[in-house]
Amino acid sequence: VISWTAIISGHARVGDLETAQRLFDSMPERNRISWNAILVASTAGGNLEQAKCLFDRMPELDVVAITTLITAYGRAGHIEQALELFLQIPETDEVAWLAIIQALIENGQIATARSMLDLMPNRSSDLAARTAVINAYARTGQMDRAMELFQRMSSCDAVAWNAMVVACTAAVGAATALELAAAMECEGFLASAITYVGILVACSKMGRIEESRRRFWSVSFDHALEPIYDHYCCLVDVLARAGQLERAEDLVRFMPFVPN
RNA sequence: AUGGGCCA
């Protein structure tokens, strides 16, 4: 049952609900964790009603299953339902708290998110959890706390750095964000495509066209990354803000992405 | 083997 569940989980991760479902239906026995895995596959498929149907038919609902659905509701903009579910959890754990706080933030309910963050108990030193908390502080107007926690982290990864870089642009200033991005590379972390979104947004906020351009090319030349859609958007943004509308328009027309 | 963290 462990092997079957692991394979279902893999298909869930790449969004292949059909295969996940076929395997789930044909596996010889199922336990609570297999049901949770197929629920994840179902939410990843984007059909919330279908996921809710499955949820209602599940033989056992644990905090993992409920948290899965909370996250799905949050991403779909159904924050009331997410909150309702959270209140139904008999024994909340740290992941459940972080999931509802993240959902509140994504749905613009900053004040509530801030209160829940204050109420949240038992904080572990788990890397993802710490980063989630730091990010939540940053997005609820408590950048000082975010910085403090970040500096106290004994180990961190590129995701934590990216979160700080992005948060800095909004809450402190673009120049500080760029300094942080530089510090990140000094510490030996490779800038990822997402780091570059942060860097380009910062350049754009400061109106630095030349630096934006340079950084944009550096994405592929210095880091062997393919520029993603967001990078083109940043470049369009900085050109447009500087009044170079023709150049901005040309870029929209000729970039290798369909503009949204 | 299942849920939570970075992309303006």
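Only this structure's heavy atoms are used, side chains among them; waters, hydrogens and symmetry mates stay out. Letters A, B, ... are given to chains in the order of the sequence lines, protein chains preceding strands, and every chain is numbered from 1.
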Strand contacts (RNA chain B) in residues 6-32 of chain A, 4.0 angstrom heavy-atom criterion: A/Ala6, A/Ser9, A/Arg13, A/Asn31
For A/Tyr229, all residues meeting ring pair (Phe, Tyr, Trp, His ring centres under 6.0 Å), sequence neighbours excluded: A/Phe257
Touch class at under 4.0 angstrom, heavy-atom based, for A/Thr131 against every strand present: base
Residue pairs involving residues 85-106 of chain A (criterion side-chain hydrogen bond (donor to acceptor under 3.5 Å, both in side chains); sequence neighbours excluded): A/Thr92-A/Trp97, A/Glu94-A/Ser124, A/Gln102-A/Glu106
Pair A/Thr195, A/Ser192: side-chain N/O donor-acceptor within cut-off below 3.5 Å: yes
Sugar-phosphate, base or nothing in reach of A/Ala96, heavy atoms under 4.0 Å: base
Sequence neighbours excluded - ring pair (Phe, Tyr, Trp, His ring centres under 6.0 Å) pairs with any residue from residues 133-154 of chain A: A/Phe150-A/Trp161
ILVMFWY cluster membership beyond A/Val40 - transitive side-chain contacts under 4.5 angstrom: none
For RNA chain B, the residues among residues 152-180 of chain A that have a non-hydrogen atom under 4.0 Å from it: A/Asp157, A/Val159, A/Ala160, A/Asn162, A/Ala163, A/Val166
Co-members of A/Leu190 in a cluster of I, L, V, M, F, W and Y side chains, linked at under 4.5 Å: none
Fellow cluster residues of A/Val201, listed by chain then number, with links counted only when side-chain atoms sit under 4.5 Å apart: A/Val197, A/Ile228
Summary of salt bridge (Lys or Arg N to Asp or Glu O under 4.0 Å) pairs that have at least one residue in residues 111-129 of chain A, sequence neighbours excluded: A/Asp118-A/Arg145
Nucleic acid contacts of residues 214-246 of chain A, taken as heavy-atom distances under 4.0 Å to RNA chain B: A/Asp230, A/Cys233
side-chain contact (heavy atoms from CB on, under 4.5 Å) involving A/Ala76 - partner list, sequence neighbours excluded: A/Leu48, A/His78
A/Gln102 vs B/G3: side-chain N/O to OP1/OP2 distance below 4.0 Å: no
Within residues 48-67 of chain A, residues whose heavy atoms come under 4.0 Å of RNA chain B: A/Val63, A/Val64, A/Thr67
